[in-house]
Engineer: 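Have a look at this one before I ask anything.
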Amino acid sequence: MRLFLALWPDDAVRAGLARWSRELHALCGGRPTRSENLHVTLAFLVGVEDARVAEVERAASEVVPKAVSLVLDQPGYWKHNRIAWAGASIAPPELETLVAELRGTLVKSQIGFDAKSFVSHVTLLRDAREPKGMPGLDPIPWKIDGFALVRSVTLPRGSRYEVLRSWSA
């Protein structure tokens, strides 16, 4: 099963991200992320068997989320994987702490995850061309009050993400 722990935006944040996505798509082309799938990945879990989902939930339950404000104010592009994204120029320390605590409980519970460094971003476009320049986009304020355990379901027309459980501040 493909699972990940993520920040799950509300409708207002999704609307702002969809606007950014349209503007970037006009410059870069590519495949837009479906609005309902927009998120910030905190930890991508590696091959979780159905029988271990409860263990993942127990591990995540050890972390008490705190409310934090994030401002998405920086569009970006990663050339190596052709992704256009929305990010924060300043990652609040509380968000870094949340990621560290979640990953710590996963390690303690012997639940495998992709350990690459956390980068606070939302993938907007895949298979995008590198833009000649990034547009100035209106900042998107995001009041984060928790996180979610999400399952990725592969469909013929792309992936669908389902929130299995969420934890709030």
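Nothing fancy with the numbering, it's 1 onward along the sequence.
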Engineer: When you compare the side chain of Thr41 with that of Thr123, does any pair of heavy atoms fall below 4.5 Å?
Structural biologist: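 A side-chain contact is absent here, since even the closest heavy-atom pair is not under 4.5 Å.
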Engineer: Test: ring-ring contact (aromatic ring centres under 6.0 Å, His included). Region: residues 125-157. Which pairs qualify, not counting sequence neighbours?
Structural biologist: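 Matches after skipping sequence neighbours: Phe147-Trp167.
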Engineer: Is any side-chain heavy atom of Ser61 closer than 4.5 Å to a side-chain heavy atom of Arg165?
Structural biologist: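 Heavy-atom side-chain distance check passes, below 4.5 Å.
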Engineer: Pair up each side-chain donor or acceptor in residues 17-32 with any protein partner under 3.5 Å, not counting sequence neighbours, and list the distances.
Structural biologist:
from  : atom 1 : to     : atom 2 : distance (Å)
Trp20 : NE1    : Asp138 : O      : 3.0
His25 : NE2    : Gly30  : O      : 3.1
Arg31 : NE     : Asp127 : OD2    : 3.3
Arg31 : NH2    : Asp127 : OD2    : 3.2

Engineer: Dump the intermediate steps for side chain to side chain contact (heavy atoms under 4.5 Å, CB included) on Leu95 and Val40, then the final yes or no.
Structural biologist: CA-CA 11 Å; Leu95 181 54; Val40 171; 5.7 Å; no
Engineer: Let me check something: do Ile140 and Met134 share a hydrophobic cluster, defined by ILVMFWY side-chain heavy atoms less than 4.5 Å apart, either directly or through other members?
Structural biologist: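 Same cluster.
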Engineer: Would you check if the distance from the ring center of Phe4 to the ring center of Tyr161 is below 6.0 Å?
Structural biologist: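 Centroid distance Phe4-Tyr161: below 6.0 Å, so yes.
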Engineer: Is Phe44 reachable from Val163 through a run of I, L, V, M, F, W or Y residues, each pair having side-chain heavy atoms under 4.5 Å apart?
Structural biologist: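 Yes; tracing contacts between hydrophobic side chains, which count when under 4.5 Å, links both residues.
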Engineer: Could you tell me if the side chain of Glu49 sits less than 4.5 Å from the side chain of Met1, heavy atoms only?
Structural biologist: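 In short, these two side chains do not touch, never coming nearer than 4.5 Å.
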Engineer: List the atom of Leu42, the atom of Phe118, and the distance in Å for their closest heavy-atom pair.
Structural biologist: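 Where Leu42 meets Phe118 most closely, the heavy atoms are CD2-CE1, 3.9 Å.
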Engineer: Does the side chain to side chain contact (heavy atoms under 4.5 Å, CB included) test come out yes or no for Leu164 and Leu3, once each step is laid out?
Structural biologist: CA-CA 9 Å; Leu164 299 179; Leu3 298 176; 3.6 Å; yes
Engineer: Just verifying a value: how many Å separate Ser109 OG and Arg52 CZ, rounded to the nearest 0.5 Å?
Structural biologist: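 So the OG of Ser109 and the CZ of Arg52 are separated by 8.0 Å.
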Engineer: Determine yes or no for a side-chain-to-main-chain donor-acceptor pair under 3.5 angstrom, with Arg14 supplying the side chain and Ser35 the backbone.
Structural biologist: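 Confirmed, Arg14 side chain pairs with Ser35 backbone.
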Engineer: Yes or no on side chain to side chain contact (heavy atoms under 4.5 Å, CB included) for Leu45 and Arg2, after CA distance, side-chain angles and deciding distance?
Structural biologist: CA-CA 7 Å; Leu45 308 180; Arg2 294 184 55 189; over 6 Å; no
Engineer: Give a yes or no on whether a salt bridge exists between Glu101 and Arg103, defined as a side-chain N under 4.0 angstrom from a carboxylate O.
Structural biologist: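 Salt bridge between Glu101 and Arg103, a charged N being under 4.0 Å from a carboxylate O: no.
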Engineer: If we only count heavy atoms from C-beta on, is the Val122 to His39 side-chain gap below 4.5 Å?
Structural biologist: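 Heavy-atom side-chain distance check fails, nothing below 4.5 Å.
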Engineer: Is the backbone N or O of Val46 less than 3.5 Å from a side-chain atom of Asp114, with the two atoms forming a donor-acceptor pair by type?
Structural biologist: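 No, Asp114 side chain to Val46 backbone: no donor-acceptor pair under 3.5 Å.
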Engineer: Taking atom CD of Gln110 as the centre, does the number of heavy atoms from other residues, nucleotides or ligands within less than 6.0 Å exceed 12?
Structural biologist: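 Atom CD in Gln110 is not packed in, count stays at 12 or less.
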Engineer: Set out, in order, the CA-CA distance, both residues' side-chain angles and the distance that settles side chain to side chain contact (heavy atoms under 4.5 Å, CB included) for Ile111 and Thr105, then state yes or no.
Structural biologist: CA-CA 9 Å; Ile111 297 165; Thr105 64; over 6 Å; no
Engineer: How long is the span from the CD1 atom in Ile144 to the OG atom in Ser168, to the nearest 0.5 Å?
Structural biologist: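 Rounded to the nearest 0.5 Å, the CD1-OG separation comes out at 13.5 Å.
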Engineer: May I have the list of side-chain donor-acceptor pairs in residues 63-81 shorter than 3.5 Å, sequence neighbours left out?
Structural biologist:
from  : atom 1 : to     : atom 2 : distance (Å)
Asp73 : OD1    : Ser89  : N      : 2.8
Asp73 : OD1    : Ser89  : OG     : 3.2
Asp73 : OD2    : Ser89  : OG     : 2.7
Tyr77 : OH     : Ala128 : O      : 2.7
Tyr77 : OH     : Glu130 : N      : 3.4
Lys79 : NZ     : Glu130 : OE1    : 3.4

Engineer: Within the 4.5 Å heavy-atom criterion, are Val13 and Leu38 side-chain neighbours or not?
Structural biologist: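 Not in contact.
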Engineer: For the residue pair Arg34 and Arg160, establish whether any side-chain heavy-atom pair is separated by less than 4.5 Å.
Structural biologist: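 Yes - at least one pair of side-chain heavy atoms lies under 4.5 Å apart.
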Engineer: Do the side chains of Leu5 and Val53 join up, straight or via other hydrophobic residues, at under 4.5 Å, putting them in one cluster?
Structural biologist: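 Leu5 and Val53: one cluster.
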Engineer: May I ask you to say whether Glu62 pairs ionically with Lys108, meaning some side-chain N is under 4.0 Å from a carboxylate O?
Structural biologist: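 The answer is yes: the pair qualifies as a salt bridge.
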Engineer: Are Glu55 and Arg58 within salt-bridge range, i.e. N to O under 4.0 Å?
Structural biologist: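 Salt bridge: no.
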